[in-house]
Amino acid sequence: MATDFNPYAPPRAAVERETPHDCWREGKLLVMRVGSALPHRCVKCNQPAIEPIKTRKVYWHHPAWYILFFLSIPIYVIAVLIARKKAQVAPGLCAMHQRRRRVFLAIGWGGFVLGLALLFIGIAENETAWSLIGIAAFLLSLIAGIVGARIVFPARITQAQVRLRGCGKDFLDSLPQQDF
């Protein structure tokens with residue numbers, strides 16, 4: 001009776017081949033595989049990130065869908081809600097960038113409330129100037145809050161990869177470069 005067992009053969013072990021990195025950079029873009037994790041460093045300055053790192057959903061749709069915005073806003077919204085792609089990412093932030101984000105969130109929400117209050121005061125007092133200042137404060141604080149508080153934002157999402165913008169140069173320099 002023959003057996004496959006050879007007492008003099010080297011042991012058989014699962015050998016792990018070097019796997020490709022789960023995230024890398026392509027120019028100014030951070031590219032990661034869907035479902036993979038980012039390094040636990042600040043995506044802005046590459047310092048150690050404050051734990052716990054919050055997972056966030058990012059959404060992306062092809063820019064051609066913006067044509068519908070000029071035709072009909074409700075049709076655009078419905079089409080984008082159907083066509084958008086989403087991914088979950090967990091970008092880390094250091095204490096300084098987390099504080100900066102909170103300041104911009106406060107500016108956004110504070111200006112939003114102040115702008116609405118000035119708008120309603122202008123309407124109640126029949127003062128056009130206060131209404132216009134309220135609208136301007138509302139819009140400017142909304143834009144400042146959205147742009148200043150965002151961490152990373154998608155440049156493209158496919159079934160296999162997520163491409164993100166908004167990472168700092170130091171963080172991107174710490175990642176391997178892959179040009180295809």
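Computed from a predicted model, the values in this text were never measured in an experiment. Numbering starts at 1 and runs along the sequence shown.
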[X], [atom1] atom: more than 12 neighbouring heavy atoms under 6.0 Å:
{"X": "L132", "atom1": "CG", "value": "yes"}
{"X": "Q159", "atom1": "CD", "value": "no"}
{"X": "R84", "atom1": "CZ", "value": "yes"}
{"X": "L71", "atom1": "CG", "value": "yes"}

Taking all non-hydrogen atoms of both residues into account, name the closest pair between [X] and [Y] and its distance.
{"X": "V43", "Y": "F171", "value": "O-CB, 3.5 Å"}
{"X": "L68", "Y": "A79", "value": "CD1-CB, 3.6 Å"}
{"X": "V31", "Y": "R163", "value": "CG2-NH1, 3.4 Å"}
{"X": "D173", "Y": "R25", "value": "CA-NH1, 3.4 Å"}

Set of side chain to side chain contact (heavy atoms under 4.5 Å, CB included) partners for R56, sequence neighbours left out: K54, P91, R101, I151
Side chain of [X], backbone of [Y]: donor and acceptor closer than 3.5 Å?
{"X": "K44", "Y": "G166", "answer": "yes"}
{"X": "T55", "Y": "A90", "answer": "no"}
{"X": "S141", "Y": "A137", "answer": "yes"}

Please list all pairs passing the side-chain hydrogen bond (donor to acceptor under 3.5 Å, both in side chains) test where one or both residues lie in residues 58-73, with sequence neighbours left out. H61-Y76
Please report the interatomic distance CG(L93) to CZ(R102), rounded to the nearest 0.5 Å. 9.5 Å
For the CG atom of L164 and the CG atom of L29, what is their distance to the nearest 0.5 Å? 8.5 Å
Would you sort out whether L118 and S131 count as a side-chain contact (heavy atoms from CB on, under 4.5 Å), showing the intermediate values? CA-CA 6 Å; L118 289 175; S131 296; over 6 Å; no
